[in-house]
Amino acid sequence: MDLDMLNMFLIAGGTLALPILAFVASFLLWPSALIKVYYWYWRRTLGMQVRYADCGGYRFCYSVRGKPGIRPSILMLHGFSTHKDMWLSVVKYLPKHLHILCVDMPGHEGTSRTNAEDYSIQGQVRRIHQFVESVRLHKRPFHLVGTSMGGNVAGVYAATYPAQIFGLTLICPAGLRYPNESKFVKHLQALKAAGVSQGIPLIPTTPDEMEEMLRLCSYVRFKVPQQILQGLVDVRLPHNDFYQEVFMKIVEEDSRHCLHDNMHLITAPMQVIWGKQDQVVDVSGASVLAEALPGCQVELLENCGHSVVMERPRKTAKLIMDFIITQQGIDSPSSKKLS
């Protein structure tokens, strides 16, 4: 009897130990795989389903939750070198019944890679328009959200296809002529003066460079273990040549100020959200948009950097929902509960 009991405890202990050992092994040996599992689990928990839209040989990868309803659908465009899952922290705080789509931008993650023309801002606008039509999102005006590079694309999209846009939220958008230069822009200018095309802080190749990028993009100092930093680098390294190609395209003259050159054509109600301590694109860009479009709503967040979506996800979700509800002209107790 004692031997049977001992065997039972050994089997139970072994059963419990296996997943723990698997986790530890993944953390130490394959941190990049652990990161992918993490995103998969988070999408599943939030009810986001990954889908694909094929358009004449070009494939878009996107995640979606909900169906079109009373509120406008929301399309979210991520920034440079990230992917659709960066929005999960905001989606967590949005009402579950909303129709939300997060698409991988051209060439990023699961969306097709083709040629450099698709990576210019106007090229990305054309591709996103193709996506909108392929999933029939244009049947009703939708709310468009974009951050950083995605903010540049979102603003130009709203200027190009005004009839499709219910409202527009730009989060720390690139593409403006900023009154003040950011730390990141000054660094790029120094690289250019030295004739160096490598060493772009947004394209890290080592864990130390990854940590520096996180410090550049975020005011909040996240404590990231070395193994996770290595995993983040491992996930990105195979794509760094592509990121380099995209970056060189979006800083060309016709893309670098694309939002600035088209902002006068934006007719949809617009909301601007910016971290006051943004070191990538200077917060002075908010005043540029406010002066050009006097009706736009500007929200400047204290103690927040460029990664607004990661640093202040609950606040971002609330601001977006409040803005949408205001634009719909609804001010009832029941609508306030939705925010």
Side-chain angles (χ1 to χ4, degrees), residues 36 39-40 43 48-68 72-88 91 99-165 168 173-175 202-203 235-252 254-256 258-259 262:
K36 292 178 180 179
Y39 281 125
W40 170 84
R43 283 196 305 268
M48 297 292 288
Q49 298 181 341
V50 175
R51 293 181 181 171
Y52 296 90
D54 294 307
C55 312
Y58 193 89
R59 167 169 279 198
F60 295 95
C61 180
Y62 66 105
S63 58
V64 60
R65 185 176 78 181
K67 296 180 179 179
S73 298
I74 300 177
L75 175 61
M76 297 180 150
L77 309 182
H78 65 74
F80 168 75
S81 79
T82 59
H83 46 76
K84 59 186 176 298
D85 291 332
M86 69 157 284
W87 293 108
L88 292 174
V91 171
H99 185 218
I100 301 170
L101 301 94
C102 305
V103 63
D104 285 327
M105 298 295 281
H108 289 70
E109 197 74 5
T111 294
S112 296
R113 290 182 184 174
T114 48
N115 55 67
E117 286 305 311
D118 275 344
Y119 310 140
S120 69
I121 297 303
Q122 290 287 7
Q124 293 192 58
V125 168
R126 287 191 292 270
R127 284 299 187 186
I128 294 301
H129 181 243
Q130 186 180 23
F131 169 74
V132 166
E133 291 192 322
S134 69
V135 297
R136 304 177 68 81
L137 192 59
H138 63 300
K139 295 300 180 181
R140 287 179 54 195
F142 59 91
H143 190 83
L144 184 58
V145 182
T147 185
S148 196
M149 178 191 77
N152 193 352
V153 175
V156 177
Y157 190 101
T160 308
Y161 305 102
Q164 295 183 4
I165 306 301
L168 179 66
L202 298 182
I203 310 178
V235 168
R236 296 170 63 97
L237 274 177
H239 310 289
N240 274 357
D241 288 343
F242 163 72
Y243 294 147
Q244 181 82 18
E245 182 181 17
V246 174
F247 187 82
M248 299 310 294
K249 200 65 185 174
I250 62 179
V251 297
E252 286 183 354
D254 60 342
S255 286
R256 188 164 69 246
C258 208
L259 174 56
N262 287 274

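The model shown is predicted, which means the values in this text are computed figures rather than measured ones. Numbers here simply count residues along the sequence, with the first being 1.
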Check: [Y] main-chain N/O paired with [X] side-chain donor or acceptor under 3.5 Å:
X	Y	answer
T111	C61	yes
D104	H83	no
D54	R59	no

If the condition is side-chain hydrogen bond (donor to acceptor under 3.5 Å, both in side chains), which residues does [X] pass it with, not counting sequence neighbours?
X	answer
E117	K249
H78	T82
S120	none

For R51, enumerate each residue passing the salt bridge (charged side-chain N to carboxylate O under 4.0 Å, His left out) test, keeping only those at least two apart in sequence or located in another chain. none
How about CG on D241, more than 12 heavy atoms from neighbouring residues, nucleotides or ligands closer than 6.0 Å, or not?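 Not more than 12 within 6.0 Å, no.
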Just so I know, are the side chains of E133 and H138 near enough to count as touching, which here means a heavy-atom distance under 4.5 Å?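 With C-beta onward as the side chain, the pair touches.
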pair W87-M48: side-chain heavy atoms closer than 4.5 Å: no
Start with the C-alpha distance between S81 and R236, add both sets of side-chain angles, then the distance that settles side-chain hydrogen bond (donor to acceptor under 3.5 Å, both in side chains), and finish with yes or no. CA-CA 8 Å; S81 79; R236 296 170 63 97; 3.0 Å; yes
Less than 3.5 Å apart, any donor N or O on the side chain of H239 or R113 sitting next to an acceptor on the other?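 Yes.
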Kindly give the heavy-atom pair with the smallest separation between L259 and P173, and that separation in Å.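 Heavy atoms only, the tightest pair is CD2-CB, 3.8 Å.
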Please name all residues satisfying ring pair (Phe, Tyr, Trp, His ring centres under 6.0 Å) with F131, sequence neighbours left out, ordered by chain then number.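 Testing F131 for ring pair (Phe, Tyr, Trp, His ring centres under 6.0 Å), a comparison that skips the adjacent residues, returns F60, Y62.
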Residue list, ring pair (Phe, Tyr, Trp, His ring centres under 6.0 Å) with Y157, at least two apart or on another chain: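 Once residues adjacent in sequence are excluded, the partners of Y157 under the ring pair (Phe, Tyr, Trp, His ring centres under 6.0 Å) criterion are Y161.
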Test log, rule side-chain hydrogen bond (donor to acceptor under 3.5 Å, both in side chains), inputs Q124 and R127: CA-CA 5 Å; Q124 293 192 58; R127 284 299 187 186; over 6 Å; no
